[in-house]
Amino acid sequence: MFDLKFIRENKELVKKAIQNKNESLNLDELLGLDEKRREIISSVEELKRQRNLSNQTIALLKKEKKDAKAEIEKMRGVSEKISSLDNSLKEIEDKIDSLLLRVPNIPHSTVPVGFDENSNVVIKEWGELPEFSFEPRAHWEIGELLGILDLARGAKLSGSGFYALIGKGALLERGLINFMLDLHTKEHGYKEVWPPFMVNRASMTGTGQLPKLEEDMYLCEKDDLFLVPTAEVPVTNLHRDEILKSEELPIYYVAYTPCFRREAGSYGKDTRGILRVHQFDKVEMVKFVKPEDSYDELEKLVANAEEVLQLLNIPYRVRLLCTGDLSFAAAKCYDIEAWAPGVKKYLEVSSCSNYEAFQSRRIGIKFKPDPKSKAEYVHTLNGSGVALARTVAAFLENFQTEKGTVVVPEVLRPYLGGLEEIS
RNA sequence: GGAGAGGUGCCGGAGUGGUUGAACGGGACGGUCUCGAAAACCGUUUACCCCUUACGGGGUACGGGGGUUCGAAUCCCCCCCUCUCCGCCA
């Protein structure tokens, strides 16, 4: 979200951002409302000034036991005018607020302009793509063969897009989560958070999922609570409406949560296996930093996420998203994509974004550069480190053997009770 | 779910219709004193919005929203949250 003042003063910049992000929003309507709003404010505040003066007069007259009738009569008309102006002001401000929530963040100058993912730029490739002396299987075949991934029963329980991990599959999931959390807390300086998995509307609006993406969220209507689509939501909202101390920054959090997504509108895409599911596990990193550091922090964030795949020895590439593929709230974003030789595709397993002050302005997270200065908005960032389901798919496909077993990379064995091979 | 209490500034806490942005205490910041520190003393300390190039002026806000009134932190209604007791329960 932006200040009205900022939009007023940077109209063309914001218009271009709306266009480059393939959003549609009538900015002129917003600015027209803003003008009307300021006109009303000027006149209503003058009336309120009169009222305040008069209130003092009335108070004084009453105190001296004098007649205040004339003054009160005079004020009655003024108060009526005030309340009618206040009402139209409120109407206009409500409209402004809902429009303001639909203004997307402005892409950073280093973000390539482009319409869709075809304009994303591969900036890095890591690892050797594995070669097999046999035709590598897709993860769902391996999972079924080993009895660790049960898609059919998942669908029986909850419908398509749900799955169950059984035996060593469940162990692998749990081990991966712990491995990632340990890496980020012990090696990268993140503090672990275990947040609620359901959040209210204010939280969802704060990080920018609402109002735009409501259709993609699971909502428990009775309580108006949303199942978290990512830990970004609860963890970023942790400091909502707070003024942080300068010396507290930067703050690094890492959280495991399951993620729930309806994936509305993506039916028919990636329907096999566990590449696009309604519930998956993810370890998410969230940062609160000073504005001048946020782009360095973004690079570090990406490096922290990459290290997960490097240690597991899963080949991947990093793509810089173009304006058209960039999410609503982000200013810059890198996707990390793991190679999956079974399905012969790169799978997006992490998305690392700098939101600059877009989220912090929505939810009021500030800091004081020093005790005397005015509070400024912090910059927020987050990135998956990394998302499980697709990583498990890549894992199974990369480390499969001809007989259908899966070799566990050394770094993960301590987390699987010393297990060297899933068979 | 039932009964009760409560939500005020950075913190504690007063304030029950009229010069209250808010007593009092603490904290923080600046200063005096000191070789230095502590103590003591003095001073400063909220956020947002509008007008103004600036100096400055004005408005709003006491959990959130609505209402009563010339005037609401104070009265009424709805909602949210916290605490205590009871019930239910992993």
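A quick note: this is a predicted structure, and the numbers were derived from the prediction, not measured. A, B, ... follow the sequence lines: proteins, then strands. Residue 1 opens every chain.
The P atoms of B:A3 and B:C78 are separated by 13 Å, rounded to the nearest whole Å. Distance check on atom C1': B:U20 versus B:U46 gives 15 Å, rounded to whole Å. Only the C1' atoms considered, B:G36 is 27 Å distant from B:U45, to the nearest whole Å. With both ends at atom C1', the span from B:A73 to B:U34 equals 45 Å, rounded to whole Å. Only the P atoms considered, B:G27 is 25 Å distant from B:C35, to the nearest whole Å. B:C75 sits 10 Å from B:U69 when the C1' atoms are compared, rounded to a whole Å.
Other residues, nucleotides and ligands place more than 12 heavy atoms under 6.0 Å from the CD atom of A:Glu292. In this structure, A:Arg174 places its CZ atom where only 12 or fewer heavy-atom neighbours from other residues, nucleotides or ligands lie under 6.0 Å away. When the shell of 6.0 Å around CD of A:Glu410 is examined, it contains 12 or fewer heavy atoms from other residues, nucleotides or ligands. Crowding of A:Glu46 atom CD: a count of heavy atoms from other residues, nucleotides or ligands under 6.0 Å exceeding 12. More than 12 heavy atoms of other residues, nucleotides or ligands shown are found within 6.0 angstrom of CD on A:Glu93.
Only A:Lys90, listed by number, bring a heavy atom of residues 82-106 of chain A to less than 4.0 angstrom from any atom of RNA chain B.
Across all strands shown, A:Lys69 has no heavy atoms under 4.0 Å from either base or sugar-phosphate atoms. Residue-level contact check: A:Arg201 touches neither bases nor backbone, having no heavy atom under 4.0 Å from any strand.
Ring-plane geometry between A:Tyr218 and A:His278 is classed as perpendicular, the angle between the planes exceeding 60 degrees on a 0 to 90 degree scale with a lower cut at 30.
In this structure, A:Leu47 atom CG and B:G59 atom C1' are separated by 12 Å, rounded to whole Å. The interatomic distance linking A:Arg76 (CZ) with B:C70 (C1') rounds to 7 Å, in whole Å. Atoms CG (A:Asp3) and P (B:A47) sit 16 Å apart, rounded to a whole Å. A:Lys81 has its NZ atom 16 Å from the P atom of B:C70, to the nearest Å. Following rounding to the nearest Å, A:Ile40 (CD1) and B:C51 (P) show an atom-to-atom distance of 13 Å.
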_Worked check of ring-ring contact (aromatic ring centres under 6.0 Å, His included) between A:His379 and A:Phe367_ = CA-CA 10 Å; A:His379 281 192; A:Phe367 77 105; 9.1 Å; no

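If you find the closest nucleotide of RNA chain B to A:Lys63 and to A:Ala375, the one lying nearer the 5' end belongs to A:Lys63. Each of A:Lys62 and A:Lys366 was matched to the nucleotide of RNA chain B holding its nearest heavy atom; the match closer to the 5' end belongs to A:Lys62.
Pairing partner, B:U32: B:A40, with both Watson-Crick or wobble hydrogen-bond distances short of 3.5 Å. Of all nucleotides present, only B:C86 satisfies the Watson-Crick or G-U wobble test against B:G1, with each distance under 3.5 Å.
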Measure all distances between protein nitrogen or oxygen atoms and nitrogen or oxygen atoms of nucleotides 52-58 of chain B, and list the pairs falling under 3.5 Å.
| from | atom 1 | to | atom 2 | distance (Å) |
| --- | --- | --- | --- | --- |
| B:G58 | N2 | A:Glu45 | OE1 | 2.9 |
| B:G58 | N2 | A:Glu45 | OE2 | 3.3 |

Please produce a list of atom pairs where a protein N or O lies less than 3.5 Å from an N or O of nucleotides 71-75 of chain B.
| from | atom 1 | to | atom 2 | distance (Å) |
| --- | --- | --- | --- | --- |
| B:G71 | OP1 | A:Ser79 | OG | 3.3 |
| B:G71 | O4' | A:Asn55 | OD1 | 3.4 |

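A:Arg137 and A:Glu397 are not joined by a salt bridge, as no carboxylate oxygen comes within less than 4.0 angstrom of a charged side-chain nitrogen.
Here the side chains of A:Asn200 and A:Phe226 are not in contact, with every heavy-atom distance at 4.5 Å or above.
In summary, the aromatic rings of A:His184 and A:Tyr253 are positioned with their centroids too far apart to meet the 6.0 Å limit.
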